[in-house]
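Written below as structure tokens is the structure these notes are about.
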Amino acid sequence: MKRDAPIRREPQGKAQILMRGDAGTLLAVKDSRGKWRLVVYRDPLTDQLSEGWVFAPAGELLNIPEQ
């Protein structure tokens with residue numbers, strides 16, 4: 001993430017916030033819906049993988065070289 005932003009339950013600005021994503025956090029993008037990205041993140045409370053929606057301008061896609 002290029003800036004702090006909420007990770008939400010649904011791809012809507014008024015949807016419930018699941019957690020706050022910090023700038024610099026790497027997230028895996030699973031799907032897109034308009035200007036929203038469905039991301040996979042590790043929940044710090046449960047240490048489990050979870051999914052939520054981030055407004056696309058808060059993120060930056062990285063090109064990771066294939067090995």
Side-chain angles (χ1 to χ4, degrees):
M1 298 183 65
K2 63 183 179 181
R3 62 180 166 92
D4 294 353
I7 299 174
R8 298 183 179 275
R9 182 173 302 280
E10 299 291 332
Q12 302 171 4
K14 293 184 178 182
Q16 177 186 6
I17 296 173
L18 301 173
M19 69 170 278
R20 295 268 176 202
D22 296 328
T25 301
L26 294 177
L27 304 170
V29 177
K30 185 174 179 181
D31 197 5
S32 294
R33 191 178 299 169
K35 290 193 173 197
W36 291 88
R37 304 294 178 258
L38 178 60
V39 298
V40 177
Y41 64 95
R42 185 165 301 277
D43 187 313
L45 297 176
T46 63
D47 200 35
Q48 300 292 314
L49 293 178
S50 297
E51 294 181 353
W53 293 89
V54 174
F55 192 56
E60 179 177 17
L61 296 177
L62 302 175
N63 289 328
I64 300 174
E66 293 182 26
Q67 295 183 12

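In terms of heavy-atom proximity, Thr25 sits nearest to Asp22 at OG1-O, 2.8 Å. The shortest heavy-atom contact between Leu18 and Glu51 is CD1-O, 3.5 Å.
Of the possible donor and acceptor atoms, none in the side chain of Arg20 sits under 3.5 Å from a partner among the backbone N and O of Ile17. Under the 3.5 Å distance criterion, the side-chain polar atoms of Arg42 are matched with a main-chain donor or acceptor of Asp47.
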Table please: side-chain donor-acceptor pairs of residues 2-13 below 3.5 Å, with sequence neighbours left out.
{"residue": "Asp4", "atom": "OD1", "partner": "Ala23", "partner atom": "N", "Å": "2.7"}
{"residue": "Arg8", "atom": "NH1", "partner": "Gly13", "partner atom": "O", "Å": "3.1"}
{"residue": "Arg8", "atom": "NH1", "partner": "Ala15", "partner atom": "O", "Å": "2.6"}
{"residue": "Arg8", "atom": "NH2", "partner": "Gly13", "partner atom": "O", "Å": "3.2"}
{"residue": "Arg9", "atom": "NE", "partner": "Gln16", "partner atom": "OE1", "Å": "2.9"}
{"residue": "Arg9", "atom": "NH2", "partner": "Gln16", "partner atom": "OE1", "Å": "3.3"}

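A continuous path of ILVMFWY side-chain contacts below 4.5 Å connects Leu38 to Trp36, so both sit in one hydrophobic cluster. Linking ILVMFWY residues whenever their side-chain heavy atoms come closer than 4.5 Å, directly or via other members, leaves Val29 and Trp53 in distinct clusters.
In this structure, Leu27 and Val54 have side chains that are in contact, with non-hydrogen atoms separated by less than 4.5 Å. Here the side chains of Lys35 and Phe55 are in contact, with some heavy-atom distance below 4.5 Å.
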